[in-house]
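Heads up, the thing below is written out as structure tokens.
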Amino acid sequence: MENNKNNLLEKVRKIEQNGFSKISAESRPVYHLSSPMGWMNDPNGFSVYKKDYHLFFQYHPFSNEWGPMHWGHCKSKDFIKWDYLPIAMAPDQSYDEGGCYSGSALQEGEEHILFYTGVIDHYLDDGSHNYSQVQCIAKGDGINYKKYQGNPVITGLDLPPGSNIKEFRDPKVWKEGTTYYLIAGNQDEDGYGQVLLFQSDNLKKWNFLNVLDKSNGEYGKMWECPDFFSLEDTQILLVSPQNMRAKGYEFHNGNNSMFIYGDYNNTTYQFKRKKIFSADYGLDFYAPQTLLTSDGRRIMIGWMQSWDAKFMKDFLNWSGMMTIPRELQMKNEKIYQSPVRELENYHKNLIKYEQCKITEAVTLEGIKGRVIDLQVKLTEFNFHHFTIHFAHNKEYEMLLQYNHKRKCLTIDRTHSKLLRDIVCRRKMDIEPILEEQKEILKLRLLLDKHSVEVFINDGEKVMTSIFYIPMEANEIIFDTDGTASMDVIKYDICI
Ligand code: FRU
């Protein structure tokens, strides 16, 4: 079947063009990707195609609520400036009329191939409900994509016994030699999350190989949006489990994203899990995926929102942002994340303070703003608490507070103009590091109007959060209940 259903794609492309032109650039973040109009969730198809970085996303342009999923589309040369492109896919086929769910992309020769989940969702004449999730492909030239006539390429019939055919989604595809591999999230017969591995030599016919890893209840009910890649000698399975219970400060209730470190044998297809860490310790981070750049960098991008606190939709005529793309590196057996180095090309107006001693609340001349890269290095720790108040004015503020006794960092948006009693605080464990035999703690805050990403100790851990504080609240206050010493660097980010 051709892409049609009354030319749905053409119609939504027109609607998008029209709607997008009515949204002011002012309402958008400066260097983070935001939804062109309406609702955006997961990043999809993050890939290099003909030297550009392409990013698709889960998209419902008709409202600020999640709805039948389309694939929105944009591209960039440097991960910072994004050009919006016309919608790539609409749910216009019998096998995806319930939505074109998340997936990945690959360049093959001249073609850009998309792998996505089609949601089959319709009522039959006898009144029964036909619902399942199947894997599909579409091919294109970087702007227009055509769904494969033989779709779906993987259905419930291809799954191992006991697998839930209603919870089977988010294919990630890669190539080794001449063979393609695909992993997808699924749920086993006990209702626990698992990742299934398939193999193909033509992208059209896929064979199930193995369950790569699974939850036994301790890591959630359904594993969404898997990705699989190596960093140095470690193989990483990145998944986003649903319905988890909090585990100390490592994981919170509900949806989490986690790095599973392990060993992978690519002849027996066995993945042996070694340890698991959260991918982000803030309030708004989900469904990340990665790509590999031509210079060998593994870059991760995530949806900067949480399913449980979707409050931004009430304020603007678009909803949904992506994180800054982050470089992943394995150091001391840990994954470090740092904003892509391309961001530094947009640094302006450096202000710098060295060995600034504080014993009470202070502001520093020139250190303020809402679109900034703020780097604070603590070098003296004679205190219980050290606090950075940012996006601050008399009424509102965000807080980042370090408790030295407990070695714990808290992000807090309680006073950020919220009208709903949603989750406002998240804590995480973090130790100072040693530099020339001295303890230091590094906090790098990337602010972009209504979001903050805090990279701690060069990205050993990250906390991401969105907030809706009016832009005039732009002060930054440093405070302590003892004595702290710090170096501070601030750049404006100008695009
Ligand atoms: C994750 C997710 C995916 C699914 C998509 C639907 O946020 O639930 O598993 O493909 O969103 O929009």
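Ligands are counted one by one from 1 in listed order, and the atoms in each one are counted from 1 as well.
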salt_bridge([X], [Y]) N-O dist < 4.0 Å:
X	Y	answer
Arg28	Glu26	no
Asp52	Lys75	yes
Glu460	Lys334	yes

Looking at Gln17, I'd like to know if its CD atom is crowded, meaning that more than 12 non-hydrogen atoms belonging to other residues, nucleotides or ligands lie closer than 6.0 Å.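 Atom CD in Gln17 is not packed in, count stays at 12 or less.
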Among side-chain atoms of Tyr49 and Gln107, is any donor-acceptor pair under 3.5 angstrom?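 No, no side-chain donor-acceptor contact under 3.5 Å.
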Taken to the nearest 0.5 Å, the spacing of Trp66 CH2 from Asn41 CG works out to 8.0 Å
Just list the N/O pairs, ligand 1 to protein, that are under 3.5 Å apart, with the distance for each.
from: ligand 1; atom 1: 7 (O); to: Asp42; atom 2: OD1; distance (Å): 2.7
from: ligand 1; atom 1: 7 (O); to: Asp42; atom 2: OD2; distance (Å): 3.2
from: ligand 1; atom 1: 7 (O); to: Trp307; atom 2: NE1; distance (Å): 3.0
from: ligand 1; atom 1: 8 (O); to: Glu224; atom 2: OE1; distance (Å): 3.4
from: ligand 1; atom 1: 8 (O); to: Glu224; atom 2: OE2; distance (Å): 2.7
from: ligand 1; atom 1: 9 (O); to: Arg169; atom 2: NE; distance (Å): 2.8
from: ligand 1; atom 1: 9 (O); to: Asp170; atom 2: OD1; distance (Å): 3.4
from: ligand 1; atom 1: 9 (O); to: Asp170; atom 2: OD2; distance (Å): 2.6
from: ligand 1; atom 1: 9 (O); to: Glu224; atom 2: OE2; distance (Å): 2.8
from: ligand 1; atom 1: 10 (O); to: Ser102; atom 2: N; distance (Å): 3.1
from: ligand 1; atom 1: 10 (O); to: Asp170; atom 2: OD1; distance (Å): 2.6
from: ligand 1; atom 1: 11 (O); to: Asn41; atom 2: ND2; distance (Å): 3.3
from: ligand 1; atom 1: 11 (O); to: Asp42; atom 2: OD2; distance (Å): 3.2
from: ligand 1; atom 1: 12 (O); to: Asn41; atom 2: ND2; distance (Å): 3.1
from: ligand 1; atom 1: 12 (O); to: Gln58; atom 2: OE1; distance (Å): 2.7
from: ligand 1; atom 1: 12 (O); to: Trp66; atom 2: NE1; distance (Å): 2.9

